[in-house]
Amino acid sequence: MKFLILLFASFAMFSPLFLAGIRTYTGQKARRALGANIFSFFACLILASVLGIGGSAAAAGETAAVASAGLAEGLKYVGAALAVGLSGIGGGIAVAAAASAALGAISENDKAFGKALIFVGLAEGVALYGLIVALLLLFA
């Protein structure tokens with residue numbers, strides 16, 4: 001049973017890479033690869049929450065309270081990973097937009113450097129907030 005779970009999880013994680021590789025040869029849009037990536041993420045999330053992977057596994061003789069504590073421990077790590085990952089993606093998108101606009105503004109007017117640096121720093125702070133939330137989830 002564990003072999004099948006490992007096989008399914010590895011297939012779910014590597015299927016978007018295969019579709020992205022096929023896309024380079026066929027020239028199709030990345031919509032299918034993105035859909036497979038979203039599907040594999042939720043498949044691994046459901047697999048981790050239903051089977052209790054990632055937390056402390058409950059043995060057959062333990063009580064239901066201990067088993068639910070193991071599930072809560074595993075979901076705590078999933079929540080921390082989501083906080084860091086999604087805030088990192090959002091911060092990267094925000095910094096990409098703010099930094100390119102800041103470089104354009106600085107090339108036209110040198111006095112705009114201070115204001116541009118502030119906006120890029122604010123966009124970068126989003127990723128730091130996600131990291132702080134993850135640390136609070138893990139250690140508080």
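What's counted below: heavy atoms across the whole structure, side chains too, no hydrogens, waters or symmetry copies.
Note that CD of Glu124 is 9.5 Å distant from CG of Leu117, once rounded to the nearest 0.5 Å. For the atom pair OH of Tyr77 and CG of Leu137, the computed distance is 11.0 Å after rounding to the nearest 0.5 Å.
Clustering of Ile, Leu, Val, Met, Phe, Trp and Tyr by side-chain heavy atoms under 4.5 Å joins Leu128 with none of the others. Hydrophobic cluster of Ile132: the remaining members, joined at side-chain heavy-atom separations below 4.5 Å, are Leu136, listed by chain and number. Apart from Ile93 itself, the hydrophobic cluster it occupies contains Ile89, where clustering links Ile, Leu, Val, Met, Phe, Trp and Tyr at side-chain heavy-atom distances under 4.5 Å.
Applying the side chain to side chain contact (heavy atoms under 4.5 Å, CB included) test to Val84 and every residue at least two apart in sequence or in another chain returns Leu131, Ala134. With sequence neighbours left out, Lys115 forms a salt bridge (Lys or Arg N to Asp or Glu O under 4.0 Å) with no residue at all. Partners of Leu82 according to the side chain to side chain contact (heavy atoms under 4.5 Å, CB included) rule, which considers only residues two or more places apart in sequence or in another chain, are Phe41, Val78, Leu86. By the side chain to side chain contact (heavy atoms under 4.5 Å, CB included) test, Tyr129 pairs with no residue at all, sequence neighbours left out. Shown here are the side chain to side chain contact (heavy atoms under 4.5 Å, CB included) partners of Ala102, two or more places apart in sequence or in another chain: Ala116, Val120.
Ala123 and Ala94 get closest at one heavy-atom pair: CB-CB, 3.6 Å. Here the shortest heavy-atom pairing between Ser100 and Ala97 reads OG-O, 3.1 Å.
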